[in-house]
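Structure first, commentary second.
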2 protein chains.
Amino acid sequence: MTQESIRVLVVEDHHVVRQGLVALLNVVDGLEVVGEAADGVEAIAQFRKCQPAITLIDLRLPRLSGVDVIQRIRMETPNARFIVLTTYDGDEDIYRALQAGARAYLLKGMTTDELIATIRTVHAGKSYIPPAIAQRLAERMGTEELTPREFDVLEQIVHGKSNKEIATELEISEATVKTHINSLLGKLGVTDRTQAATAALQRGIVTLESLRKPKP
Amino acid sequence: MTQESIRVLVVEDHHVVRQGLVALLNVVDGLEVVGEAADGVEAIAQFRKCQPAITLIDLRLPRLSGVDVIQRIRMETPNARFIVLTTYDGDEDIYRALQAGARAYLLKGMTTDELIATIRTVHAGKSYIPPAIAQRLAERMGTEELTPREFDVLEQIVHGKSNKEIATELEISEATVKTHINSLLGKLGVTDRTQAATAALQRGIVTLESLRKPKP
DNA sequence: TTTCGCCTCAACCCATTGGTGGAGTCCAGA
DNA sequence: TCTGGACTCCACCAATGGGTTGAGGCGAAA
């Protein structure tokens, strides 16, 4: 029978990668790339215009992050289906993307077959998380969430600030900073600030990019 | 006149990206993708077989790193021309790639025009480093090299070890560890071990990946 | 050979950090 | 209203970390 093609929107800022995806997908029977976007804002516009069945989306995007895009689109189109396609950015991003409603999470190193199979799976209404990713998620489940304030302090730690500097920056006393640190060390399962910093980077709670440019 | 096409070898482990590059390049007049490789070992084999004029190569490769590939190929073919094409991996990698003989360094976010222009530039025997990268290189120039032992200690610091643990691990006294730390803090231009750890990660002296799996 | 950088270690000091226990406020939810 | 979590702060103590100076051994290069 003559089946409708699955309409796919590709959201990816790296031009080369986007081209690669489009090139790969367009030769596949039963798939049709109906739109492309290079940043988050464009992604939302393209989604509204193209009404794709599946949106393939990178998490790192200019202007609006992938997670934000997923959240906003799902506000107006709750049954929109997303496949996150990214290089490994840390457990935090995976977690938040799935929370936001992504149905699958693939690494850019995957094979074409894996990608296509996942698109069909998600289109059929199911989810797909690779075993390696699933394992990380499971590990993360056991851990407690950081509070907003603990996150603030952790961020400062990663930026190399001393307790005194953190206290000044956040306008609280040094004693309070120590309290937060003590608490977040426990939650992260580490014993000192240096381990906390590397753990934060590993998990993607803070990114290396954010270190390069001073915060706004 | 009928010009010979520039023979290009594409070395990239991410399948999607590799496809994207090949798709982009093959539609360009005057370029010809004569080979592809998905890891370092394959890259060397393909180079010998295809004898490309230009090798487009990622630095992060399975089995053999991009830097190693460049070094080895240049042993036997000193005038081989390489364009490094990678996501930003830290200043250290850029530096080492250029040391190894790469002629250009491009980020995956570049435009098609930029890529093609760079291929032609390098083929013409010239080099091309984007301004943003050049600036980082310049900054790096002012800094002193870490000694091997300092590097060992820095690595341990990034792995969250205490001075005592580092001393045990490296089989030296804690006093010596402190000496090395004091020295490397100065060279990195930072004031404590946490800053040293994040600086090491930023510059790519140590990678986040190496943190996940315990060292061999 | 002398020099220089690297690696090693020691002794000393003080600043920072992390651990513990306690305490008050505020706010949201049961 | 009561409970609990988050945030704030204090005091005290022990451990760790970083700064300083000085010094011996070793190997490579001048």
Side-chain angles (χ1 to χ4, degrees), chain A residues 92 95-96 99 140-203 205-206 211, chain B residues 92 99 140-203 205-206 211:
Chain A
E92 203 58 25
Y95 182 74
R96 279 167 51 215
Q99 285 271 320
R140 189 196 186 290
M141 283 308 161
T143 68
E144 298 166 85
E145 291 279 342
L146 294 189
T147 68
R149 214 49 171 160
E150 284 162 3
F151 175 82
D152 291 341
V153 173
L154 177 57
E155 202 173 24
Q156 297 291 320
I157 289 177
V158 178
H159 280 75
K161 302 288 179 62
S162 70
N163 289 349
K164 192 172 300 190
E165 289 170 327
I166 297 174
T168 305
E169 180 73 26
L170 301 183
E171 295 180 307
I172 53 181
S173 83
E174 210 178 321
T176 307
V177 173
K178 290 174 121 188
T179 304
H180 289 312
I181 290 180
N182 206 274
S183 173
L184 70 85
L185 289 181
K187 290 184 181 176
L188 292 177
V190 299
T191 61
D192 61 52
R193 59 174 52 222
T194 305
Q195 291 177 4
T198 57
L201 291 170
Q202 262 183 82
R203 304 193 189 179
I205 298 173
V206 181
L211 290 182
Chain B
E92 203 58 25
Q99 284 272 319
R140 190 196 185 289
M141 283 310 162
T143 68
E144 297 167 85
E145 290 280 341
L146 294 189
T147 68
R149 213 50 172 161
E150 285 162 3
F151 175 82
D152 292 340
V153 173
L154 178 56
E155 203 172 23
Q156 297 291 320
I157 288 177
V158 177
H159 280 76
K161 302 289 179 62
S162 70
N163 289 349
K164 193 173 300 191
E165 289 171 326
I166 297 173
T168 305
E169 181 73 25
L170 301 183
E171 294 179 309
I172 54 180
S173 83
E174 210 178 320
T176 306
V177 173
K178 288 176 136 193
T179 305
H180 289 312
I181 290 179
N182 206 275
S183 174
L184 70 85
L185 288 182
K187 290 184 182 176
L188 291 177
V190 299
T191 60
D192 61 51
R193 57 173 52 222
T194 305
Q195 291 177 5
T198 56
L201 291 169
Q202 261 183 81
R203 304 194 190 178
I205 298 173
V206 181
L211 290 182

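Keep in mind the model is a prediction, meaning the values are calculated, not measured. Proteins come first, then strands; the chains are lettered A, B, ... in the order of their sequence lines, and each starts at number 1.
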Using the side-chain heavy atoms of A/Lys178, tell me which of these nucleotides is nearest: C/dC9, D/dG17, C/dG19.
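Among C/dC9, D/dG17, C/dG19, the one nearest the side chain of A/Lys178 is C/dG19.
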Side chain of B/Ile181 only, heavy atoms from C-beta on: which candidate in C/dT17, D/dG18, C/dA10 is closest?
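The answer is D/dG18, which lies nearest to the side chain.
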So A/Thr179, base contact, sugar-phosphate only, or nothing? Heavy-atom distance under 4.0 Å.
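Base contact.
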Touch check for B/Thr176, heavy atoms < 4.0 angstrom, all strands: base, sugar-phosphate only, or nothing?
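Base contact.
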By nearest heavy atom, map B/Leu185 and A/His180 onto DNA chain D; which one lands nearer the 5' end?
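Checking each residue's closest nucleotide, the 5'-ward one belongs to A/His180.
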What integer distance in Å separates [X]:[atom1] from [N]:[atom2]?
{"X": "A/Glu174", "N": "C/dG18", "atom1": "CD", "atom2": "C1'", "answer": "12 Å"}
{"X": "A/Phe151", "N": "D/dC7", "atom1": "CZ", "atom2": "C1'", "answer": "17 Å"}
{"X": "B/Glu145", "N": "C/dC4", "atom1": "CD", "atom2": "P", "answer": "21 Å"}
{"X": "A/Glu150", "N": "D/dC7", "atom1": "CD", "atom2": "C1'", "answer": "10 Å"}
{"X": "A/Leu184", "N": "D/dA6", "atom1": "CG", "atom2": "P", "answer": "13 Å"}
{"X": "B/Ile172", "N": "D/dG25", "atom1": "CD1", "atom2": "P", "answer": "19 Å"}
{"X": "B/Gln156", "N": "D/dG17", "atom1": "CD", "atom2": "C1'", "answer": "17 Å"}
{"X": "B/Leu146", "N": "C/dG5", "atom1": "CG", "atom2": "P", "answer": "16 Å"}

Taking only the side-chain nitrogens and oxygens of [X], find out if one of them lies under 4.0 Å from OP1 or OP2 of [N].
{"X": "B/Arg149", "N": "C/dC6", "result": "no"}
{"X": "B/Thr191", "N": "D/dG18", "result": "no"}
{"X": "B/Asn182", "N": "D/dG18", "result": "no"}
{"X": "B/Asn163", "N": "D/dG17", "result": "yes"}

Return yes if some donor-acceptor pair links the side-chain N/O of [X] with the main-chain N/O of [Y] below 3.5 Å, else return no.
{"X": "A/Arg193", "Y": "A/Lys161", "value": "yes"}
{"X": "A/Glu150", "Y": "A/Thr147", "value": "yes"}
{"X": "A/Glu165", "Y": "A/Ser162", "value": "yes"}
{"X": "B/Gln195", "Y": "A/Gly160", "value": "yes"}
{"X": "B/Lys187", "Y": "B/Glu145", "value": "yes"}

If you assign A/Arg193 and B/Thr147 each to the DNA chain C nucleotide with the nearest heavy atom, which residue ends up on the more 5' nucleotide?
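Nearer the 5' end of the strand: B/Thr147.
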5'-most by nearest nucleotide on DNA chain C - B/Asp192 or B/Ala175
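This one resolves to B/Ala175.
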